[in-house]
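The figures that follow rest on heavy atoms only: side chains count, while hydrogens, waters and symmetry mates do not. Chain A is the first sequence line, chain B the second, and so forth, proteins listed ahead of strands; every chain is numbered from 1.
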Amino acid sequence: MRVATWNINSLKARLDRVLAWLDAAGADVVCLQELKCATADVPADAFAAAGYETAAWGTGRWNGVAILSRVGLTDIREGLTGQPQFGGETEPRAIAATCGPVRVQSLYIPNGRDTADPHFPYKLAFLQALAADAAKDAAAGVPFAAMGDYNICPTDDDLWDIDAWTGTTHVTADERDALAAVQAAGLADVYPRALKYDRPFTFWDYRNLDFPKNRGMRIDLALANPAFKDAVTDAYVDRNERKGKGASDHAPLVVDLDL
DNA sequence: ATGCCTTCGATCCGAAGA
């Protein structure tokens with residue numbers, strides 16, 4: 001089976017491309033982030049016409065996560081146990097479901113904005129809650145992956161130029177330590193192939209010709225428990241989806257499983 | 001061509017993204 005995660009940067013603005021990609025990619029389960037629309041506005045009928053059931057949680061302009069599945073969609077759970085709030089709100093940044101033989105968590109980790117911004121400790125607290133929340137699923141025999149936009153480059157090689165990012169979010173020791181704690185809960189990084197160049201970046205800023213110049217970052221990750229990881233036969237970043245007019249600034253991460 | 005940012009909601013700009 002094929003599982004994918006993709007930050008689409010607005011479902012409304014991206015719907016045609018998402019539907020075209022679903023038709024072309026043949027994924028059985030797709031985790032989406034940054035819906036930027038309310039749950040009621042998610043076009044579940046369009047996904048149903050494409051053969052997918054939909055579980056979505058969105059509140060409007062920001063954030064929003066979903067799982068699409070054509071192999072079953074049960075035991076849906078919104079949010080994390082102990083999920084921290086921001087601005088008094090529990091933001092739609094996590095949704096989990098069981099899809100046939102696998103369980104997946106679709107995640108949009110807070111950006112952090114700046115190390116001095118309140119969003120930064122919120123990001124670290126969110127990751128801490130994720131580590132605790134995922135531990136039980138990680139230890140279970142069911143293949144499980146916590147997939148999505150982590151907004152962290154795991155290593156200096158996971159972005160185009162570490163010297164241009166020193167002291168900024170996404171590369172700090174605090175964030176990498178928090179990511180390591182999630183992995184310590186029993187989840188390993190499924191490192192994908194790049195379809196071009198040497199590194200499998202998943203995000204390129206819209207500005208400054210970052211995509212043509214391959215100034216990218218690997219921030220979309222699939223963290224998998226042993227049962228999931230042992231079944232992986234291939235993984236790659238579909239950078240072709242970053243091309244052309246109307247692209248998201250993220251490319252899909254695709255994982256193939258012998259399940 | 002992979003091409004100089006895009007999105008939303010509220011108004012004709014600002015905030016957010018990473």
List, with names and distances, any nitrogen or oxygen atoms from the protein found under 3.5 Å away from nitrogen or oxygen atoms belonging to nucleotides 5-7 of chain B.
unit_1	atom_1	unit_2	atom_2	d
dC5(B)	OP2	N208(A)	N	3.4
dC5(B)	O4'	Y206(A)	O	3.2
dC5(B)	O4'	R207(A)	N	3.4
dT7(B)	OP1	R14(A)	NH1	3.2
dT7(B)	O3'	S10(A)	OG	3.3

Nucleotides 10-13 of chain B: which of its N/O atoms have a protein N/O under 3.5 Å away?
none

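Contacts classified as ring pair (Phe, Tyr, Trp, His ring centres under 6.0 Å) and involving residues 19-69 of chain A (residues at least two apart or in different chains) are given here: W6(A)-W21(A). Residue pairs that meet the salt bridge (Lys or Arg N to Asp or Glu O under 4.0 Å) test with at least one member in residues 96-121 of chain A, sequence neighbours left out, are R103(A)-D137(A).
Of the residues near DNA chain B, K12(A) and G112(A), the one whose nearest nucleotide (by heavy atom distance) lies more toward the 5' end is K12(A).
In this view, Y206(A) and N9(A) satisfy the side chain to side chain donor-acceptor pair (under 3.5 Å) rule, not counting sequence neighbours. In terms of the side chain to side chain contact (heavy atoms under 4.5 Å, CB included) criterion, residue partners of E53(A) (sequence neighbours excluded) are, by chain and number, L73(A). In terms of the salt bridge (Lys or Arg N to Asp or Glu O under 4.0 Å) criterion, residue partners of E91(A) (sequence neighbours excluded) are, by chain and number, R93(A). Under the rule for a side chain to side chain donor-acceptor pair (under 3.5 Å), H119(A) has no partner lying at least two apart in sequence or in another chain. When the side chain to side chain donor-acceptor pair (under 3.5 Å) test is applied to K243(A), the partners found at least two apart in sequence or on another chain are N240(A). Taking the side chain to side chain contact (heavy atoms under 4.5 Å, CB included) definition, one finds that A13(A) meets it with S10(A), sequence neighbours left out. For A134(A), the side chain to side chain contact (heavy atoms under 4.5 Å, CB included) test picks out L130(A), F144(A), L187(A), with sequence neighbours left out.
Atoms CG (D117(A)) and C1' (dA15(B)) sit 12 Å apart, rounded to a whole Å. Between the C1' atom of dA16(B) and the CG atom of D149(A) lies a distance of 13 Å, rounded to the nearest Å. A straight line from NZ of K243(A) to C1' of dC4(B) spans 18 Å, rounded to a whole angstrom. Computed from coordinates, the Y122(A) OH to dA16(B) C1' distance equals 14 Å when rounded to whole Å. Per the geometry, CG belonging to N63(A) stands 15 Å off C1' belonging to dG9(B), to the nearest Å. Whole-Å rounding puts the N214(A) CG to dA1(B) C1' distance at 16 Å. In this structure, CG of N151(A) is placed 8 Å from C1' of dG17(B), rounded to the nearest angstrom. One atom, CZ of R215(A), and another, P of dG3(B), lie 15 Å apart when rounded to the nearest Å.
Taking atom P on both nucleotides, dA16(B) is separated from dT11(B) by 16 Å, rounded to a whole Å. Comparing the P positions of dC5(B) and dA10(B) gives an interatomic distance of 26 Å, to the nearest angstrom.
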**Asked** Should R2(A) and D28(A) be marked as a salt bridge (charged side-chain N to carboxylate O under 4.0 Å, His left out) after you check the CA-CA gap, both sets of side-chain angles, and the distance that decides it?
**Response** CA-CA 5 Å; R2(A) 173 165 285 179; D28(A) 298 295; over 6 Å; no

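Y108(A) comes within contact range of the sugar-phosphate backbone alone, with a heavy-atom separation under 4.0 Å but no base atom that close. The residue R113(A) sits close to a base: some heavy atom pair falls under 4.0 Å. Within 4.0 Å (heavy atoms only), D220(A) reaches no atom of the nucleic acid at all. Among the protein residues, G244(A) comes within range of the sugar-phosphate backbone only, with heavy atoms under 4.0 Å from sugar or phosphate atoms but none that close to a base. Backbone-only contact: F203(A) has heavy atoms under 4.0 Å from sugar-phosphate atoms and none from a base.
In this structure the side chain of E78(A) never reaches within 4.5 angstrom of the side chain of P92(A), judged on heavy atoms.
The stretch residues 158-176 of chain A comes close to DNA chain B through H170(A), each having a heavy atom under 4.0 Å from the strand.
Panel note: side chain R14(A), backbone G246(A); a donor-acceptor pair is recorded below 3.5 Å.
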